[in-house]
Amino acid sequence: MLDFTLEELCIVACAEAWRGDGEILASPIGLIPTLGAWLAKATFSPDLLLTDGQANVIASVGLSEGPVVEGWMPYRTVFDIVASGRRHVMMGVSQIDRFGNQNISCIGDWQRPSSQLIGSRGAPGNTINHVTSYWVPNHSRRVFVNSVDFVSGVGYDRAAQLGETCSTYSGVRRVVTNLAVFDFESDGSSEKVGSKQRAREMRLRSIHPGVELAKIIEETGFSFAISPNCGVTRAPTADELRLIRVELDPGSRRSTSAKAG
């Protein structure tokens, strides 16, 4: 049996969010999502487009030898890609609710917040125009709330109110945390936790090794569906561990990026 760390498990879980995406722009924000996108491109999603965040498209990635540039994509072009739906971003959250509404703007009343955060940034455009996923390094009731204090990124309930124009390309695909992986693929037939759930609400997809379901329920501020196929989060393969440790992050910057449950 392979030995791996929580961070390495989460990198693989983040990578899986891009499986099957084809030739789209992957935009990971933060170290673990970035390593996940790099791992996906290096293994099962070779057609992903990755950039250096400025003007270059990266053909191959890795910190050991540096990126290989294969094309030019100035930042202004990113907005054309966003509007066309050909992008999948993985962002962070300060709060997220059962419908996938995300808050990175403020805590408390927006007119007099108790905490001012980074602001909505690109979240509104991201969540309306294309697929979005989230990475949460510290799964807790402070993050997983019944209702976010401010909607920075749009969830399924609000997208439905906006109509087909909003829902054509958008959607929250995965929420990866230090405890588990969630999706929004509930169709009403899954086992339920707590009160009755409606479709397109957060659903438990897999539980990380060694984590109890009771812990996830305790640290989540709302009830959620459980996938009938819910199991243990997939462990890294030997090749994936080699890529992470030798090619993508030889300096082990990942080692402090997720909190043990």
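Counting heavy-atom neighbours within 6.0 Å of Arg112 CZ, excluding the residue itself, gives a total of 12 or less. Surrounding CZ of Arg234 are more than 12 heavy atoms belonging to other residues, nucleotides or ligands, all under 6.0 Å away. Annotation for Arg142: atom CZ does not count as buried by contact number, only 12 or fewer foreign heavy atoms lying within 6.0 Å.
Taking all atoms of both residues into account, the shortest heavy-atom contact from Ala13 to Val176 is CB-CG1, 3.7 Å. The two atoms that bring Tyr134 and Gly92 nearest to each other are CD2-O, 3.8 Å, heavy atoms only. Val172 and Val154 make their closest contact through CG2-O, 4.4 Å (heavy atoms, listed as atom of the first residue, atom of the second, distance). The nearest pair of heavy atoms linking Asp149 to Gly108 is OD2-N, 2.9 Å. The two atoms that bring Val82 and Gly125 nearest to each other are CG1-O, 4.2 Å, heavy atoms only. Taking all atoms of both residues into account, the shortest heavy-atom contact from Leu48 to Ala37 is CD1-O, 4.2 Å.
With no hydrogens or angles considered, no side-chain donor-acceptor pair links Thr127 and Ser170 at under 3.5 Å. Looking only at atom types and distance, the side chain of His208 has no donor-acceptor partner in the side chain of Thr177 under 3.5 Å away.
Rounding to the nearest 0.5 Å gives a distance of 9.5 Å between SG of Cys14 and CG of Leu9. To the nearest 0.5 Å, the span separating CG on Asp249 from CG on Leu39 amounts to 11.5 Å. We find the CG-CD1 distance between Leu25 and Ile81 to be 5.0 Å, quoted to the nearest 0.5 Å. Rounding to the nearest 0.5 Å places CE of Met90 at 11.5 Å from OG of Ser27. Residue Ser133 holds its OG atom at 11.0 Å from CE of Met91, rounded to the nearest 0.5 Å. From Thr233, atom OG1 reaches atom CD1 of Ile207 across 8.0 Å, with rounding to the nearest 0.5 Å.
Remark: side-chain polar atoms of Arg158 are not paired, donor with acceptor, to backbone N or O of Asn101 under 3.5 angstrom. Without hydrogens or angle criteria, Ser114 side chain to Ile107 main chain gives a donor-acceptor distance under 3.5 Å. Side-chain N or O atoms of Ser105 include none that pairs as donor or acceptor with a backbone N or O of Ser152 at under 3.5 Å. Side chain of Asp157 to backbone of Ala160: no donor-acceptor contact under 3.5 angstrom is found. A distance-only check finds no donor-acceptor pair linking the side chain of Gln95 to the backbone of Gln102 [under 3.5 Å]. A donor-acceptor pair is defined here as one N or O able to donate and one able to accept, closer than 3.5 Å; no such pair exists between the side chain of Ser45 and the backbone of Lys41. Using a distance-only test at 3.5 Å, with no hydrogens or angles considered, a donor-acceptor pair links the side chain of Asp52 to the main chain of Ala55. Remark: the backbone N or O of Glu8 is paired with a side-chain donor or acceptor of Thr5 at under 3.5 angstrom.
Using a 4.5 Å heavy-atom threshold, the side chains of Ser94 and Ile104 count as touching. With a 4.5 Å cut-off on side-chain heavy atoms, Met202 and Phe222 count as touching. Residues Arg205 and Glu185 are in side-chain contact: their nearest non-hydrogen atoms beyond the backbone lie under 4.5 Å apart. Side-chain contact between Val136 and Phe144 is present, with heavy atoms from C-beta onward closer than 4.5 Å. You'll find the side chain of Val93 stays beyond 4.5 Å of the side chain of Val175, heavy atoms only. By the 4.5 Å heavy-atom criterion applied to side chains, Arg242 and Glu247 are counted as neighbours. Two residues are said to be in side-chain contact when any heavy atoms from C-beta on lie closer than 4.5 Å; Pro113 and Phe150 fail this criterion. Proximity of Arg245 to Arg254: side-chain heavy atoms (C-beta onward) are separated by under 4.5 Å at one or more points.
At a threshold of 4.5 Å between side-chain heavy atoms, the hydrophobic network of Ile, Leu, Val, Met, Phe, Trp and Tyr places Val148 and Phe99 in two separate groups. When the side chains of ILVMFWY residues are joined at heavy-atom separations under 4.5 Å, either directly or via intervening members, Phe44 and Trp38 end up in two distinct hydrophobic clusters. One hydrophobic cluster holds both Ile32 and Leu243 under the rule that ILVMFWY side chains link at heavy-atom gaps under 4.5 Å. Leu117 is not connected to Ile29 by any chain of hydrophobic side-chain contacts under 4.5 Å among Ile, Leu, Val, Met, Phe, Trp and Tyr, and they are in different clusters. Following chains of ILVMFWY side-chain contacts shorter than 4.5 Å, one can reach Val57 starting from Phe79, so the two form part of one hydrophobic cluster.
When Arg86, Glu70, Arg87 are each tested for a side chain to side chain contact (heavy atoms under 4.5 Å, CB included) with Leu49, only one passes: Glu70. Screening Arg203, Arg174, Arg173, Arg200 against Asp183 for a salt bridge (charged side-chain N to carboxylate O under 4.0 Å, His left out) leaves a single residue, Arg203.
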(request) Just do the side chain to side chain contact (heavy atoms under 4.5 Å, CB included) check on Asn103 and Ile96 with the steps written out, would you? (result) CA-CA 6 Å; Asn103 176 21; Ile96 189 168; over 6 Å; no
(message) The test is salt bridge (Lys or Arg N to Asp or Glu O under 4.0 Å); show your working for Arg19 and Glu16 and say whether it passes.
(response) CA-CA 5 Å; Arg19 184 182 286 273; Glu16 286 288 345; 2.7 Å; yes
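Using bins of under 30°, 30° to 60° and over 60° for the plane-to-plane angle, the ring pair Phe224/Phe182 lands in the perpendicular bin.
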